Protein chains: 2
Amino acid sequence: MPPRSSSRKPPVPPIPTAAEVDILAVLWRLGPATVREVHEALGKDSGYTTTLKQMQLMLDKGLLARTERFRSHVYESRVPKDQMQQRIAGDLLRRVFEGSAKELVMGALGAQPASAEELADIRHMIDAFDKKKRGSK
Amino acid sequence: MPPRSSSRKPPVPPIPTAAEVDILAVLWRLGPATVREVHEALGKDSGYTTTLKQMQLMLDKGLLARTERFRSHVYESRVPKDQMQQRIAGDLLRRVFEGSAKELVMGALGAQPASAEELADIRHMIDAFDKKKRGSK
DNA sequence: GTATGTCAACGATAAAACTCCTAGGAGGCA
DNA sequence: TGCCTCCTAGGAGTTTTATCGTTGACATAC
């Protein structure tokens, strides 16, 4: 019979909840890390086992992957950062901004003004997208 | 003594949950509307009273405002669309994209490619932000 | 009048997310 | 060996969200 088990890993994991996103963000920043490391990095005042349990559930949901290392477990994001960020941004885009990327950018820049360098970067990125669009169509 | 009551309205309402965002989006689109109208617009297959209850709770949280109209109630977003979008985008920016607007834009455009016109719009917006920045600093 | 329909309010339940307590295994060390 | 520390796993409790059944108010149709 097929393996067994309580830990199923959906091919495409769900959009993470707020708390889960925080954990993912830490893992993206640190790279593969133990529960302890993540817990410290979070800096929240909830208990260690809370973080542990959350990460175990995220494992079940297919959000995290886990490898054994010596005495403890090492977790990492199961879907690459870019891809997950894209999904989250896309989800928000559709639901909150009626699919208008312009409004999303407006909201983001309004909330937290970017530096001149970053603005330039963004401009370049837009150009690249534009070029690709014209090229392919 | 101060009024009383179960419906307190925090000066600054919380970031809405996913389901709440959907309701807000409908109200932004329709303008002030009744529960019935919102419920239809949502197109979900959950019951009418579910939507009703959700909107009542959102009222308590200060997310919605309500006025009496003849026999029914008319709800609307208590914070203006732009402002709430800004808060949501800002929250996302900080938590998911480490404050990098560039990455957010990248994610959004990657998830749902924008039209050439929209790209141009965004570019103009960036220019405006850039100008404002240089001007004030 | 009674029947029918719509709506808000209340309350109950269900489901999901978050929290923490406890037990038990394994290593380090006096 | 016995004690201490760190780790995981398994419940279980709490809180928050989501869902819906029922009721009573009020209006209109019959």
Side-chain angles (χ1 to χ4, degrees), chain A residues 4-10 13-26 32-76 88 91 95-96, chain B residues 4-8 10 13-27 30 32-76 88 91 95:
Chain A
R4 67 152 201 100
S5 98
S6 67
S7 59
R8 50 179 74 275
K9 307 195 177 173
I15 299 260
T17 67
E20 286 170 348
V21 154
D22 290 341
I23 291 177
L24 280 178
V26 168
T34 64
V35 174
R36 174 71 48 192
E37 288 163 343
V38 170
H39 179 64
E40 315 265 80
L42 280 176
K44 299 204 298 179
D45 49 358
S46 58
Y48 168 84
T49 52
T50 299
T51 306
L52 170 65
K53 179 63 102 181
Q54 274 171 335
M55 290 175 70
Q56 287 173 338
L57 289 180
M58 289 172 75
L59 180 68
D60 278 355
K61 292 188 189 176
L63 283 168
L64 299 185
R66 177 170 90 168
T67 61
E68 196 102 11
R69 186 194 65 180
F70 185 41
R71 285 263 296 120
S72 64
H73 287 155
V74 175
Y75 292 80
E76 64 186 317
I88 296 176
D91 182 65
R95 301 175 355 135
V96 185
Chain B
R4 72 155 198 97
S5 109
S6 67
S7 58
R8 51 179 74 273
I15 298 261
T17 68
E20 288 170 347
V21 154
D22 290 341
I23 291 177
L24 280 178
V26 168
L27 286 172
L30 300 187
T34 64
V35 174
R36 174 69 52 189
E37 288 163 341
V38 170
H39 178 64
E40 314 266 79
L42 281 176
K44 299 204 300 180
D45 51 357
S46 58
Y48 167 85
T49 53
T50 300
T51 306
L52 170 64
K53 177 68 105 180
Q54 275 172 334
M55 291 176 70
Q56 286 173 341
L57 290 181
M58 289 172 75
L59 180 69
D60 277 356
K61 292 186 188 176
L63 283 168
L64 299 185
R66 175 171 89 169
T67 62
E68 196 101 11
R69 185 193 67 179
F70 185 41
R71 282 264 297 122
S72 65
H73 287 156
V74 175
Y75 292 82
E76 65 186 316
I88 295 176
D91 183 65
R95 309 217 339 258

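Residue numbers start from 1 in every chain, and the chains themselves are labelled A, B, ... in the order their sequence lines are given, proteins ahead of strands. Computed from a predicted structure; not experimentally measured.
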### Query
Over how many whole Å does the gap from B/D60 atom CG to C/dA8 atom C1' extend?
14 Å

### Task
Mind checking B/T50 for me? I need base, sugar-phosphate or nothing, with any heavy atom below 4.0 Å counting as a touch.
base

### Message
By the 4.0 Å heavy-atom rule, please label A/T49 as base, sugar-phosphate, or nothing.
### Response
base

### Task
Take atom OH of B/Y48 and atom P of C/dT6, then tell me their distance rounded to the nearest Å.
10 Å

### Query
Roughly how many Å is it from CZ in B/R66 to C1' in C/dA9, rounded to a whole number?
9 Å

N/O to N/O distances under 3.5 Å, protein versus nucleotides 26-30 of chain C:
none

### Query
In residues 18-25 of chain A, what residues come within less than 4.0 Å of DNA chain D, judged by heavy atoms?
none

### Summary
Rounded to whole Å, the CG-C1' distance (A/L63 to C/dC18) equals 16 Å

#### Entry: B/R95: partners by salt bridge (Lys or Arg N to Asp or Glu O under 4.0 Å), with sequence neighbours left out
A/D22, B/D91

### Task
Establish, with yes or no, whether the OP1 or OP2 oxygen of C/dT19 is under 4.0 angstrom from a side-chain nitrogen or oxygen of A/Q54.
yes

### Query
How close or far is atom C1' of C/dC18 from atom CG of A/L42, stated in whole angstroms?
13 Å

### Message
If you compare all heavy atoms of B/I23 against all heavy atoms of B/Q54, which two are closest, and at what distance to 0.1 Å?
### Response
CD1-OE1, 3.7 Å

### Query
Mind checking which nucleotides bracket the chain B contacts on DNA chain D, 5' to 3', with an atom under 4.0 Å from a heavy atom?
D/dT17 to D/dA27

## Note on the structure
When rounded to whole Å, the CG to P distance for the pair B/L57 and C/dA9 reads 12 Å

### Atom-pair distance (CG on B/L52; P on C/dA9), nearest Å
7 Å

### Message
Rounding to an integer number of Å, can you tell me how far A/K53 NZ sits from C/dC18 P?
### Response
14 Å

### Message
Taking salt bridge (Lys or Arg N to Asp or Glu O under 4.0 Å) as the definition, give me every residue that meets it alongside A/R36, ordered by chain and number, with sequence neighbours left out.
### Response
none

Using a 3.5 Å cut-off and no angle test, enumerate the donor-acceptor pairs between side-chain atoms of residues 37-49 of chain B and protein atoms at least two apart in sequence or in another chain.
| unit_1 | atom_1 | unit_2 | atom_2 | d |
| --- | --- | --- | --- | --- |
| B/E37 | OE1 | B/T34 | N | 2.8 |
| B/E37 | OE1 | B/T34 | OG1 | 3.4 |
| B/H39 | ND1 | B/T51 | OG1 | 2.8 |

### Residues in side-chain contact (heavy atoms from CB on, under 4.5 Å) contact with A/E20, at least two apart in sequence or another chain
A/P16, A/T17, A/M58, A/K61, A/L63

### Task
Respond yes when some side-chain nitrogen or oxygen of B/Q56 is under 4.0 Å from OP1 or OP2 of C/dA9, and no when none is.
yes

